[in-house]
Amino acid sequence: MGWLLSLPFFLLLTAASSLEEDVPHSSCSSKFMDELRLLNDSSGLHLTLHHPRSRCSPAPFPNLTFSTILSHDEARVRSLTARLTKTVSPLLRPAAVSIPLSPGASIGVGNYVTQIGLGTPAKSYVMVVDTGSSLSWLQCSPCRIYCHDQVGPVFDPAASASYRPVSCSESECNSLESATLNPSACSLDDVCIYQASYGDRSFSVGYLSKDVLSLGSGQRFAGFVYGCGQDNEGLFGRSAGLIGLARNKLSLLSQLAPSLGYSFSYCLSTAASTGYLSIGSYNAGQFSYTPMQSSSLDNSLYFVRLTSITVGGRGLPVSSSAFTGTPTIIDSGTVITRLPSNVYAALSSAIAAALREYPRQPAYSILDTCFRGSLSRLAVPAVAMVFQGGATLRLAPRNVMIDVDGSTTCLAFAPARRVAIIGNKQQETFSVVYDVGRSRIGFAAGGCG
């Protein structure tokens, strides 16, 4: 296959980096099966979801300092902000592909992971899950330029009887730019070339492809469109690639919607447990709902309207316009929630007043409301986030504060620039449903540990 991007492709032919070890098995396995058995009592398709730093994850991230995690979280927020305000960073444009990057510096630090099957016969791969991305992709041999280390062998298209590349004239190729924010290219062999680039300088470049996707207990979906990555660089951990769940016709959600319905739900667990990702039907009665908001900024992301925050049962002393004047998205891959600056200042003051008996500590990275001691020793007040329609996240102390080291606990919120983001720290242990078909998002407490 030819390669028309500005890369010295013909000089960089390398063998696929195939690892011999399998996905690890541990005492966690029985717990995973028990949780999935409960979910399988309902309809829909169910996958186990793992915290990125869980010891039970099939592809745990290396031990990173919390300050490093926060630095990558800031990179993701800058990327989303630039994308929504149309001040696109050069790192989001195709030129980013020609910049040499250090392997292990990327998007996946805050993203949970799951496993999928691909090809005929199906083989299993660990994938990052991201509601902020549309195109799904995974590393493919022969890894013509670069593949990062992953758990298990790299996907080999030649070994799949159902694999085929997407030609440049097919509609999926024409839809690439809306999914990746980068234009497609065309090889000398008329194969569509995709480029998925991220705000922290991570990227994947390769051939747009189709194959059979296998999920859950053997459900198969023919003709699944994804990127077969030949140059994949950044901090994706040891996952094989990424699953996109945004509102775009090339996302996994949209491709499975005709078979399963246009909705998905998840529970993002703590590092000590496991969560789930379900696609399709859900128990509608267990959730309280807020409408999905329409936005001209980006119709693929999930916008909501935060209307108030209470601390100890009292609303913050800010006007309603302080909430509604800033667009707000809910995102699975951002760790720390970003609030409009006036709202954040009021929340910080309210928490500081409630915890005034505890000695203050200096700011830690982006977190500036910090106290001496561990979370377990603090009398954290009740905090609730209220959304349009009355849907409420009643946060446990672990959703409000976070231990950043052995002697310091900080408020797990930060001020937003121009876009507010509901991050995964505040979503932990809640079931969250994205019902795109009915244009609503729902919350339910106690979805996982």
Centre-to-centre under 6.0 Å for Tyr112 and His50, is that the case here?
no
Do Ser204 and Phe236 pass the side-chain contact (heavy atoms from CB on, under 4.5 Å) test, and can you show the C-alpha distance, the side-chain angles, and the key distance before you say yes or no?
CA-CA 10 Å; Ser204 174; Phe236 301 105; 5.5 Å; no
Tell me whether the centres of the aromatic rings in Phe387 and Phe443 are closer together than 6.0 Å.
yes
Quick one: does Gln255's side chain have a donor or acceptor within less than 3.5 Å of a partner on Val225's backbone?
yes
Assess the residue pair Glu170 and Ser167 against the criterion (side chain to side chain donor-acceptor pair (under 3.5 Å)); give the C-alpha distance rounded to whole Å, side-chain angles, the decisive distance to 0.1 Å, and a yes or no.
CA-CA 6 Å; Glu170 293 183 65; Ser167 72; 3.3 Å; yes
Tell me, please, which residues at least two apart from Phe221 pass ring-ring contact (aromatic ring centres under 6.0 Å, His included).
none
Please check if the side chain of Ser178 supplies one atom and the backbone of Ser175 the other of a donor-acceptor pair under 3.5 Å.
yes
What pairs with Phe287 under ring-ring contact (aromatic ring centres under 6.0 Å, His included), at least two apart in sequence or on another chain?
Tyr282
May I ask you to check whether the SG atoms of Cys192 and Cys173 are separated by less than 2.5 Å?
yes
OG-NE2 distance between Ser57 and His51, expressed to the nearest 0.5 angstrom:
10.0 Å
Judged by atom type as modelled, is there a donor-acceptor pair below 3.5 Å linking the side chain of Ser263 to the main-chain atoms of Gly280?
yes
May I ask you to say whether Arg164 pairs ionically with Asp211, meaning some side-chain N is under 4.0 Å from a carboxylate O?
no
Is it the case that the side chains of Glu428 and Thr270 hold a donor-acceptor pair, with the cut-off being a distance below 3.5 Å and no angle test?
no
Main chain of Asn399, side chain of Gln426: is a donor-acceptor contact present, judged purely on distance under 3.5 Å?
yes
Test your reading of the model: is there a side-chain donor-acceptor pair from Tyr289 to the backbone of Gly389, 3.5 Å cut-off?
no
Any donor-acceptor pair under 3.5 Å from Lys249 side chain to Glu172 backbone
no
Indicate yes or no: does Asp149 engage Arg238 in a salt bridge with an N to O separation below 4.0 Å.
no
Do Trp137 and Phe203 make the cut of ring centroids closer than 6.0 angstrom?
no
Pairs involving residues 220-287, ordered by first then second residue, that meet disulfide bond (SG atoms under 2.5 Å apart) (sequence neighbours left out)
Cys140-Cys228, Cys267-Cys448
Using every non-hydrogen atom in the two residues, find where Val311 and Leu316 come nearest and quote the distance to one decimal.
CG2-CD2, 3.9 Å
Would you please name every residue forming a ring-ring contact (aromatic ring centres under 6.0 Å, His included) with Phe155, sequence neighbours left out?
Tyr125
With a 4.5 Å limit on heavy-atom distance, are the side chains of Arg338 and Thr81 in contact?
no
Sequence-distant partners of Tyr434, ring-ring contact (aromatic ring centres under 6.0 Å, His included), two or more places apart:
Phe264, Tyr266, Tyr302
To the nearest 0.5 Å, what is the distance between CG on Asp331 and CG on Leu301?
7.5 Å
Pairing donors with acceptors under 3.5 angstrom, does anything connect the side chains of Asn182 and Thr180?
no
Ignoring hydrogens and angles, write down the donor-acceptor pairs under 3.5 Å from the side chains of residues 116-123, residues two or more places apart or on other chains.
| from | atom 1 | to | atom 2 | distance (Å) |
| --- | --- | --- | --- | --- |
| Thr120 | OG1 | Ser162 | OG | 2.6 |
| Thr120 | OG1 | Arg220 | NH2 | 3.4 |

Side-chain heavy-atom pair Ser254, Tyr262 within 4.5 angstrom cut-off:
yes
Please answer whether the main-chain N or O of Ser269 pairs with a side-chain N or O of Ser273 as donor and acceptor at a distance below 3.5 Å.
no
